[in-house]
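Positions are given from 1 along the sequence. Here the structure is a predicted model, which means the values were calculated and not measured.
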Amino acid sequence: MTSKIALITGGSRGLGKNTALKLAQKGVDVIFTYRTKHEEANAVVAEIEKLGQRAAAIQLDVSDVKTFPAFTEKLTQLLKQQWQCEQFNFLVNNAGQGIHAEISKTTEEQFDQLMNTHLKGVFFLTQSLLPLIADHGRIINISSGLTRFALPGYAAYAAMKGAIEIFTKYLAKELGARGIAANVVAPGAIETDFGGGSVRDNAHINQFIASQTALGRVGQADDIGGAIASLLSDDNRWVNSQRIEISGGMFI
């Protein structure tokens, strides 16, 4: 039986890497993008191959829309050469960055950086890849718990994620005729290097979040990757146009 193929943006570290490994454990081949860290990407490819699945990494800056046609062509050739096929099954729009700045101090440069990465890049990369996504495939866009609750300093970031949640509904509506489901996964605070690693490295922040989470701790990457892999399984084929928060019960 031929393995299904997932494309994950930002798959060389953090939630993207964990998702890639969890999918590989479930028998899914993985193609992922990385921005600069080639050695880290190669190490993840090796880990996936040790799990018995095929893998490949392609460099991409998701904030640079003008590079998407070349990326799409490179992906097309990779699918033909390494997988002998023309389409993949799962798209996980994961790549991102965090900027912490209160509204009064957010610069236009910071705003544009967040918009290009989390909204414009996701919109137009998905658009570019639509012909390569197989019918009855799935799209998962990564949002944030910050679209449900508000913490000072994340207004611009959360605004982009809120837009992505709306975009996902429209994807589900417009792609329904092809049998493609689109959903949002919204992680709570996770111990990774995202946003400078503050949740992981700042004991005060870590303890505060744990105290406001029903399960009494901060999330781990392992809490998210497995949930995404499960959402992409056939058991969840009827889940569509949903926002699924994975936060351990933050601020409930």
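- Of the possible polar contacts, none joining the Gln59 side chain to the Lys37 backbone as a donor-acceptor pair under 3.5 Å is found.
- Annotation: the span from Leu7 atom CG to Leu132 atom CG amounts to 9.0 Å, rounded to 0.5 Å.
- Between the side chain of Thr9 and the backbone N or O of Asn94 there is at least one donor-acceptor pair closer than 3.5 Å.
- To the nearest 0.5 Å, atoms OG (Ser211) and CG (Asn206) are separated by 10.0 Å.
- In this structure, CG in Leu171 is found 5.0 Å from CD1 in Ile139, a value given to the nearest 0.5 Å.
- Side-chain heavy atoms closer than 4.5 Å link hydrophobic residues (I, L, V, M, F, W, Y) into clusters, and following such links, possibly through other members, connects Val92 to Val239.
- Panel note: side chain Ser230, backbone Gly226; no donor-acceptor pair is recorded below 3.5 Å.
- Closest non-hydrogen pair, Ile142 versus Pro187, comes out as CG2-CD, 3.9 Å.
- Looking at every heavy atom in both residues, Gly96 comes nearest to Thr117 through CA-CG2, 3.8 Å.
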Could you tabulate the donor-acceptor pairs under 3.5 Å formed by side-chain atoms of residues 242-252, not counting sequence neighbours?
from, atom 1, to, atom 2, distance (Å)
Gln242, NE2, Asn240, O, 3.0
Arg243, NE, Thr147, OG1, 3.3
Arg243, NE, Glu165, OE1, 3.4
Arg243, NE, Glu165, OE2, 3.0
Arg243, NH1, Glu245, OE1, 3.1
Arg243, NH2, Ser144, O, 3.1
Arg243, NH2, Thr147, OG1, 3.1
Arg243, NH2, Glu245, OE1, 3.3
Glu245, OE1, Arg148, NE, 2.8
Glu245, OE2, Arg148, NE, 3.4
Glu245, OE2, Arg148, NH2, 2.8
Glu245, OE2, Ser247, OG, 2.8
Ser247, OG, Gly249, N, 3.3
Ser247, OG, Met250, N, 3.2

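- Atom CD of Gln84 is surrounded by more than 12 heavy atoms from other residues, nucleotides or ligands within 6.0 Å.
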Inset, instruction - List the steps, then state whether side chain to side chain contact (heavy atoms under 4.5 Å, CB included) holds for Phe88 with Ile133. - result: CA-CA 5 Å; Phe88 63 94; Ile133 301 175; 3.6 Å; yes
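- A 6.0 Å sphere centred on CD of Gln77 holds more than 12 heavy atoms belonging to other residues, nucleotides or ligands.
- Val184 and Leu175 are not part of a single hydrophobic cluster, where members link through side-chain heavy atoms under 4.5 Å apart.
- The minimum heavy-atom distance linking His100 with Pro152 is given by the pair NE2-O, 3.3 Å.
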Inset, instruction - Assess whether side chain to side chain contact (heavy atoms under 4.5 Å, CB included) is satisfied between Ile8 and Phe90, documenting all intermediate values. - result: CA-CA 8 Å; Ile8 303 169; Phe90 308 135; over 6 Å; no
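- Note on Tyr170: it does not cluster hydrophobically with Phe124, by side-chain heavy-atom contacts below 4.5 Å among ILVMFWY residues.
- Using a 4.5 Å heavy-atom threshold, the side chains of Thr67 and Leu60 count as touching.
- Atom OG1 of Thr106 and atom CZ of Phe111 lie 9.0 Å apart (nearest 0.5 Å).
- Going from atom OG1 of Thr76 over to atom CD of Gln81 covers 10.5 Å, rounded to the nearest 0.5 Å.
- Side chains of Leu232 and Val28 form no contact here, defined as non-hydrogen atoms less than 4.5 Å apart.
- Looking only at distances, a side-chain donor or acceptor of Thr19 sits under 3.5 Å from a matching main-chain atom of Leu15.
- For Arg237, the CZ atom counts as loosely surrounded, since its 6.0 Å shell holds 12 or fewer non-hydrogen atoms of other residues, nucleotides or ligands.
- For the side chain to side chain contact (heavy atoms under 4.5 Å, CB included) with Phe68, the lone residue among Leu129, Leu125, Thr126 that qualifies is Leu125.
- A salt bridge is defined here as a Lys NZ or Arg NE, NH1 or NH2 lying under 4.0 Å from an Asp or Glu carboxylate O, and Asp234 with Lys26 fails to meet this definition.
- More than 12 heavy atoms of other residues, nucleotides or ligands shown are found within 6.0 angstrom of CZ on Phe149.
- Closest non-hydrogen pair, Ala95 versus Gly10, comes out as CB-N, 3.7 Å.
- Centroid-to-centroid, the aromatic rings of Phe167 and Phe123 come within less than 6.0 Å.
- Connection of Met160 to Leu151 is established within a shared hydrophobic cluster, with ILVMFWY side chains joined at heavy-atom distances below 4.5 Å, either directly or through further cluster members.
- A salt bridge links Asp223 with Arg217: at least one charged nitrogen is closer than 4.0 Å to a carboxylate oxygen.
- At most 12 heavy atoms of other shown residues, nucleotides or ligands fall within 6.0 angstrom of atom CD in Glu86.
- With salt bridges taken as basic N to acidic carboxylate O contacts below 4.0 Å, one links Glu47 and Lys17.
- Nearest heavy atom pair, residue Asp222 against residue Lys22, reads OD1-CE, 2.9 Å.
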Inset, instruction - Show the numbers, then the answer: is there a side chain to side chain contact (heavy atoms under 4.5 Å, CB included) between Ile5 and Cys85? - result: CA-CA 10 Å; Ile5 306 167; Cys85 67; 3.7 Å; yes
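- The cluster map of Ile, Leu, Val, Met, Phe, Trp and Tyr, joined by side-chain heavy atoms under 4.5 Å apart, puts Ile205 and Ile99 in the same cluster.
- Judged by distance alone, the side chain of Gln87 and the main-chain N or O of Pro131 form a donor-acceptor pair under 3.5 Å.
- Under the 3.5 Å distance criterion, the side-chain polar atoms of Asp135 are left unmatched by any main-chain donor or acceptor of Gly179.
- One N or O on the side chain of Gln110 and one on the backbone of Thr107 form a donor-acceptor pair closer than 3.5 Å.
- At most 12 heavy atoms of other shown residues, nucleotides or ligands fall within 6.0 angstrom of atom CZ in Arg35.
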Legend entry - Test side chain to side chain contact (heavy atoms under 4.5 Å, CB included) applied to Val62 and Val122, step by step: CA-CA 7 Å; Val62 296; Val122 172; over 6 Å; no
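- The CD atom of Glu174 sits 11.5 Å away from atom CD1 of Ile180, with the distance rounded to the nearest 0.5 Å.
- The main-chain N or O of Ala181 is never found under 3.5 Å from a side-chain atom of Arg138 such that the two would form a donor-acceptor pair.
- Not a single donor-acceptor pair under 3.5 Å links the side chain of Arg13 to the backbone N or O of Glu40.
- The aromatic ring centres of Tyr34 and His38 sit less than 6.0 Å apart.
- There is no side-chain donor-acceptor pair under 3.5 Å between Glu49 and Gln53.
- The shortest non-hydrogen separation linking Tyr157 to Ser143 is OH-O, 4.4 Å.
- For the pair Asp64 and Lys66, the salt-bridge criterion is met [side-chain N within less than 4.0 Å of a carboxylate O].
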